*Asks:* 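Got a structure here, written out as structure tokens. Questions coming.
From a predicted model like this one, the values you see are computed outputs, not experimental measurements. Numbers here are sequence positions counted from 1.
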Amino acid sequence: MAQGLLNKATLNRRALITGRVLSAERIVPPPGCEIASMIVQARPERLVEVEAEIVALPGCEIHGRDPRGKLVVVTEAPDAGSLGTLLNTIQSLPHVYSAVLVFHAIETA
């Protein structure tokens, strides 16, 4: 009997870490989305270009800028994996020195 219960309720580490609930039928993501802010350091002379590239990405907005090359980016993503991909995308943009996550929250519906 204990073996039958073990097979029905197997936890998946990835589902647990990403905040998804694992059931016998399927993985159900929590309602809502991931909200984050990042500080992006870029070449000051290319700041306008970098800002345009970031704003073109889905869910990204610029909420602050410093002429010395810093941008405050606020973004919204459906899950933590998408948020990580977005951070990597910004870090890989030409003329970006670094992109650092400074705030992260899960918004529930």
Side-chain angles (χ1 to χ4, degrees):
M1 173 131 169
Q3 182 67 19
L5 289 174
L6 184 62
N7 288 339
K8 285 177 79 176
T10 302
L11 285 178
N12 178 308
R13 183 173 185 262
R14 181 175 296 232
L16 183 63
I17 289 172
T18 58
R20 295 180 288 174
V21 179
L22 183 65
S23 69
E25 295 80 38
R26 60 191 168 104
I27 295 176
V28 180
C33 62
E34 309 271 333
I35 298 172
S37 63
M38 304 170 206
I39 300 293
V40 177
Q41 178 70 49
R43 294 181 64 142
E45 66 274 10
R46 300 295 189 150
L47 195 58
V48 173
E49 271 178 61
V50 171
E51 185 175 348
E53 290 175 343
I54 291 172
V55 170
L57 295 171
C60 289
E61 298 176 5
I62 305 293
H63 281 267
R65 60 190 57 73
D66 183 305
R68 293 175 290 183
K70 292 182 184 169
L71 296 171
V72 176
V73 180
V74 176
T75 187
E76 188 176 297
D79 55 44
S82 299
L83 189 60
T85 299
L86 186 60
L87 180 61
N88 287 336
T89 299
I90 292 172
Q91 287 175 335
S92 300
L93 290 174
H95 312 297
V96 170
Y97 294 135
S98 67
V100 180
L101 184 69
V102 294
F103 175 79
H104 176 244
I106 299 172
E107 183 177 280
T108 57

*Asks:* Just to verify, which of Ile39, Ile54, Val55 counts as forming a side-chain contact (heavy atoms from CB on, under 4.5 Å) with Leu71?
*Replies:*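 For Leu71, the side-chain contact (heavy atoms from CB on, under 4.5 Å) test succeeds with only one of Ile39, Ile54, Val55, which is Ile54.
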*Asks:* From Glu76 CD over to Ile35 CD1, what is the distance, rounded to the nearest 0.5 angstrom?
*Replies:*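 Spacing of CD (Glu76) from CD1 (Ile35) equals 5.5 Å.
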*Asks:* Can you list the residues that meet the side-chain contact (heavy atoms from CB on, under 4.5 Å) rule with Thr75, with sequence neighbours excluded?
*Replies:*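 Testing Thr75 for side-chain contact (heavy atoms from CB on, under 4.5 Å), a comparison that skips the adjacent residues, returns Ala36, Met38, Cys60, Leu83, Leu86.
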*Asks:* Quick one: list whatever passes side chain to side chain donor-acceptor pair (under 3.5 Å) with Glu51, sequence neighbours left out.
*Replies:*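 Counting only residues at least two positions away or on another chain, Glu51 forms a side chain to side chain donor-acceptor pair (under 3.5 Å) with Arg65.
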*Asks:* In chain order, what residues pass the side-chain contact (heavy atoms from CB on, under 4.5 Å) check against Arg43, with sequence neighbours excluded?
*Replies:*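 Once residues adjacent in sequence are excluded, the partners of Arg43 under the side-chain contact (heavy atoms from CB on, under 4.5 Å) criterion are Glu45, Arg46, His95, Tyr97.
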*Asks:* Not counting sequence neighbours, which residues clear side chain to side chain donor-acceptor pair (under 3.5 Å) with Thr89? List them please.
*Replies:*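 For Thr89 there are no side chain to side chain donor-acceptor pair (under 3.5 Å) partners, ignoring immediate neighbours.
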*Asks:* Closest heavy-atom contact between Asp79 and Glu34?
*Replies:*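 Heavy-atom minimum between the residues: C-CG, 3.3 Å.
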*Asks:* Applying the 4.5 Å side-chain criterion to the ILVMFWY set and letting contacts propagate, would Leu101 and Ile90 be lumped into a single cluster?
*Replies:*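 Same cluster: Leu101 reaches Ile90 through Ile, Leu, Val, Met, Phe, Trp or Tyr contacts under 4.5 Å.
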*Asks:* Please check this pair: side chain of Gln91 against backbone of Ala99, looking for a donor-acceptor N/O pair closer than 3.5 Å.
*Replies:*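 Looks like yes, one N/O pair under 3.5 Å.
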*Asks:* At their closest point, which heavy atom of Val50 faces which heavy atom of Pro94, and how far apart are they?
*Replies:*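 Closest heavy-atom pair between Val50 and Pro94: CG2-O, 3.8 Å.
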*Asks:* Shared ILVMFWY cluster between Val100 and Leu93, side chains joined below 4.5 angstrom?
*Replies:*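 No; tracing contacts between hydrophobic side chains, which count when under 4.5 Å, never links both residues.
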*Asks:* My understanding is that only residues two or more places apart in sequence, or in another chain, count here; which of them pass side-chain contact (heavy atoms from CB on, under 4.5 Å) with Glu61?
*Replies:*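 Partners of Glu61 under the side-chain contact (heavy atoms from CB on, under 4.5 Å) test: His63.
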*Asks:* Between Ser82 and Pro78, is there a donor-acceptor pair closer than 3.5 Å when you use the side chain of the first and the backbone of the second?
*Replies:*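 A pair under 3.5 Å: no.
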*Asks:* Do Leu87 and Ile62 belong together in a cluster built from hydrophobic side chains that touch within less than 4.5 Å?
*Replies:*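 Yes, same cluster.
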